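Right, one structure below, let's go through it.
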Amino acid sequence: MSLLPILVTVWLFLVGLYGIATSRNTIHLVSCLFVTQASTYVFLLSIGFRTGGTAPILGKLPPGAPLVDPVVQSLALTDIVVGATVSALILVFALQAHKKHGTSDPRSAPPMRG
Amino acid sequence: MNDSARRTLFFFFAAILAGALVAALRHLPSFGDYQGPYGDVILSGCIPQRHTPQGVAAVTFDYRGFDTLGEEFILFTAVAGVLLLLRQQQCERQEKPRDCELGRAIPATSSAVLAAGLLMFPAALLLGCSLVLHGHLTPGGGFQGGVLLATAFYFVYLSSDYRDLTRFTPDHLLDYLEVTGATTFALGATLPLVLNRPFMLNLLPLGKTGSLFSAGFLPLFNCSVGVEVGAGFLLLIAAFLKQVIVIRRESDQ
Amino acid sequence: MDPFAPLPVLLPLIGAALVALLEKFHQRHRRLDLATVAITLAVIACDLELLLRCSSATLVYWFGDWHPVGGFALGIAFAIDPAGAALALLAAVLTLCGLMFSWHYFKAIGTFYHSLMLLFLASMGGFCLTGDLFNMFVFFELMGVAAYALTGYRIEDTGPLEGGLNFSVMNSIGAFMVLLGIGILYSRTGGLNLAWVGARVAERPVDAAVACAFMLLAIGFLVKAAVVPFHFWLPDAHAVAPTPASVLFSGIMVELGLYAVARIYWTIFSGSIPGGTAQTLLLAAGLTTALVGGIMAFLQRHLKRLLAYSTVSHSGLMLSAIALFDPVSLGGCLIYLAGHGLIKGGLFISSGIILYHFHSVDEETLRGAGTRLKLVGAVFCLQALALAGLPPFGTFAGKAMIEARAAELGLHFIAPIFLVASSLTGAAVLRSGLTVFYGIGTPNCLSAPAPAKGDHESRETSGKEHRTPLMMLLPLLLLVLLALAVGLLPSLPEKSLQAAARVCDQRGYQALVLDGKFALLVPAPLPKRADLIKGVLPAGLAVVLAAAALFGLPLPDVLLRRLKSLLRPVLWTLRRIHSGYIGDYVTWFVIGAAVMVLVAATSRLL
């Protein structure tokens, strides 16, 4: 059981990279980047988990109830915002390149060689 | 590199990377066994020190508020960048939005879709506002609520027409709202500095734990982030839609 | 706590938002320029003030007044030591020069250029000053987002779009690596403050997880530092970015990646990972980068791409200096970093002036075109020699310290590789300078067939004057003079050694940040002054190489043909590897990352 979050993290990370390495469409490439980023969400949240723990909102909880770590949730929140905004920016590159070439294949027109 | 060589290389080294990562990560404390201390210290301190039961909000906007300020400006930068890169080029012009399927009139919105939109718009708007306002009490907060606020206006586009969306959300208003959201947070955090106290100090009255006006700066910061995120995402959506619907190359005439 | 501490970040952040607002009201270029320059000047003043104040004791600033409780850091801290403050100052100075250059520059308005430059400045300041692991990541991303947007500024061309895409994808992947590394350290230590994490990591013997965390963080930051095999994005992005952005990219952003590696090593891992395998690995990567960058620079005819590859090469040199894991070589590296940043900024401004006049940055089509630009030509060639390490520029002083220390440590192979790399880059720049400004020589078989030409660059400027505007020359001269000053100030080597010793003092850092106790530190003694002959050598070799490229080798034809047939497959392979295709770049990334993490997981870096 303990291995599962690690395996999911590593799998998401590498499968995303594989998608980027072989992508034939820039939009698809950005989605793959998002998959890669999802591995970091999984990893961060799994670190702060505590067996039987509930959300770190104290409210009416009995004292001593196990709570998961609020810090990693805050970090994951930052990570998600960063991911959403960066992928918006990369999508713009894809969109403009598509307008210019009429194709979204990143292999069609490499910028410069050598 | 040709395709197959790249694939072979990738698989070989990805396998090594995967093996090494798994081997290394196994040395960490096992799943479900978070050991602290950061989270525990904050959970034991957030009610007595900051009068908020919401641990995540306390971390996001108070204990590690400076990170959030940077995060907010990442959003601001990305929106500025997208608007910069999607500006109208010299070889482009704007034309009236039209149905891309040439030779047919714009179909009227069906009443079922319109009804769904009329239902969802206020619902999403209210839920968004509630998430933002209660960010320091319940799950949610400025970022989550802000995205929902932007979604509400997206329902307008989905259920009717691009022109209705632009009428609802004029670009210059969104610009002001976005800047206002970003600066309110930054200036609020600067206020203590002006009073010769440390930057980001939460110096507003902390109020009674669990009430709407409590936890000092937290509700204000939540609202400013909510406004910025909502306006920012609407600007992003509008910029992308404009590219698809309004802007045409000169040569496409 | 010092009220100046947050200002280098705060002023440009608020300024950026207000300038964005101003842009909506007044579509006047000049007001935006003035406001932005004023804010940058204020940041320079704050950085200078901080540099002076922290010279006696490191300043620690706790945001929100969250002082450590019982030695545990609750909030985020800025830990400002001379090295960080000096880098922030360098970033602000380069930003000022970029802004001055763009005084006459951009025709498009209402496009957030000024806001983005200010946000870039804020992110670099925060990155230099912070003492918190995750805060470092936040500013790393902010720096990235501003840089991606600036790279793509000229959307009318294809190059910026492709360059921006490669840049943003590779750097995002690097950022994920950083995040995974932060996750490991957080899981192990339960904190994010550098001092706290370092103290907890040092408590128990290093295992594969901690070693892996170091490697993941290093990989992430080395992507930004453009170290082989993570360097491919750099020439694509730096060559196409608008000139003021290129100045910042090559002058400081790349170096900040290296700074981050040094910072996390010394604050977190130096107690438990004593060097050994990690040192070998980073040293090998650094020296390879230095050579590959130098050779690739020599093979270019696109001026900005040439300069970009020379940045790769010098980044490799600086990584080698950091990888010695030694305070003295780190001190030398700091001087070298400043010297290189100022020179490279100046070179990019020169190439911007060429672009302003001729709408081209192609060495071959511009052959002899720049003869009327007397001052710029002379300065350009002088900078080429300074890049190779001509005394008394800052590059010489820094490199001499690094080489002397490496020889003391018994690493005698470092100096010759430095010599080759720096003379190659110097020769490449000198060759293009002599070609463009003096029309000397004929096309050579190495750079003339380069596929990237840059002979049809779109115009960046609105006005067209015959003379170079004063506001373009001013930052160029300012940068050259500053690079001279870095080499000439007699107290600087000692100061930089003190700064480096402060960075390397893990226990002192922890005691100061977590307990507020400050102990005075005795820096290592100055290595003996290097003879000037040593400094003239790479510059001389650069002249010889440039002459050989311009006039051909004085060899019989048979030998020349032999040499060419020997070189051709090597050059072909090198060019093919730098394919410009993102899929290849990611594959190289995985190869590099696999090797580094494997070493960490197996040998445990001991």
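By convention in this document, chain letters (A, B, ...) are assigned in the order of the sequence lines, proteins followed by strands, and residues within each chain are numbered from 1. The shown structure was predicted, so the numbers you read here are calculated from the model rather than taken from an experiment.
Proximity to chain B is limited to the side chain of C:Trp196, based on heavy atoms less than 4.5 angstrom apart. Only the side chain of C:Phe72 has a heavy atom closer than 4.5 Å to any heavy atom of chain B. In this structure, chain B has a heavy atom under 4.5 Å from the backbone of C:Ala73, while its side chain stays farther away. Contacts between C:Ile591 and chain B at a heavy-atom distance below 4.5 Å involve backbone atoms as well as side-chain atoms. In this structure, the portion of C:Tyr186 lying under 4.5 Å from any heavy atom of chain B is its side chain and not its backbone. For C:Leu180, no part sits under 4.5 Å from any heavy atom of chain B, backbone or side chain. Looking at B:Leu25, only its side chain comes within 4.5 Å of chain C, counting heavy atoms on both sides. Using a 4.5 Å cut-off between heavy atoms, C:Ser123 makes no contact with chain B at all. Proximity to chain B (any heavy atom under 4.5 Å) is shown, for C:Leu142, by both the backbone and the side chain. In this structure, the portion of C:Asp132 lying under 4.5 Å from any heavy atom of chain B is its side chain and not its backbone. With a 4.5 Å cut-off on non-hydrogen atoms, C:Val9 touches chain B through its side chain but not through its backbone. No part of C:Phe589 comes within reach of chain B, as not one of its non-hydrogen atoms sits under 4.5 angstrom from that chain.
Both tests pass for B:Arg87 against the ring of C:Tyr153: distance under 6.0 Å to the centre and angle within 45° of the axis.
Per-residue counts of heavy-atom pairs under 4.5 Å with chain C were compared for B:Ile16, B:Val179, B:Leu69, B:Asp67; the largest is that of B:Asp67. Interface check for chain C: of the options B:Gln35, B:Glu71, B:Arg50, B:Arg7, the most heavy-atom pairs under 4.5 Å are formed by B:Arg50. Considering only heavy-atom pairs separated by less than 4.5 Å from chain B, the leading option among C:Leu10, C:Ile577, C:Leu7, C:Ile155 is C:Ile155. Contact count versus chain B (heavy atoms, under 4.5 Å) is highest, among C:Phe139, C:Tyr61, C:Trp588, for C:Tyr61. Of the listed residues B:Pro29, B:Gly45, B:Ala5, the one with more heavy-atom pairs under 4.5 angstrom with chain C than any other is B:Pro29. Put simply, of C:Leu598, C:Asn135, C:Val145, the one with the most heavy-atom pairs under 4.5 Å next to chain B is C:Asn135.
No donor-acceptor pair closer than 3.5 Å links the side chain of C:Tyr585 to the backbone N or O of C:His578.
C:Phe112 pairs in a side chain to side chain contact (heavy atoms under 4.5 Å, CB included) with only one of the listed residues (B:Leu85, B:Leu83, B:Thr77), which is B:Leu83.
Using a cutoff of 4.0 Å between basic side-chain nitrogens and carboxylate oxygens, C:Asp207 and C:Arg188 are scored as salt-bridged.
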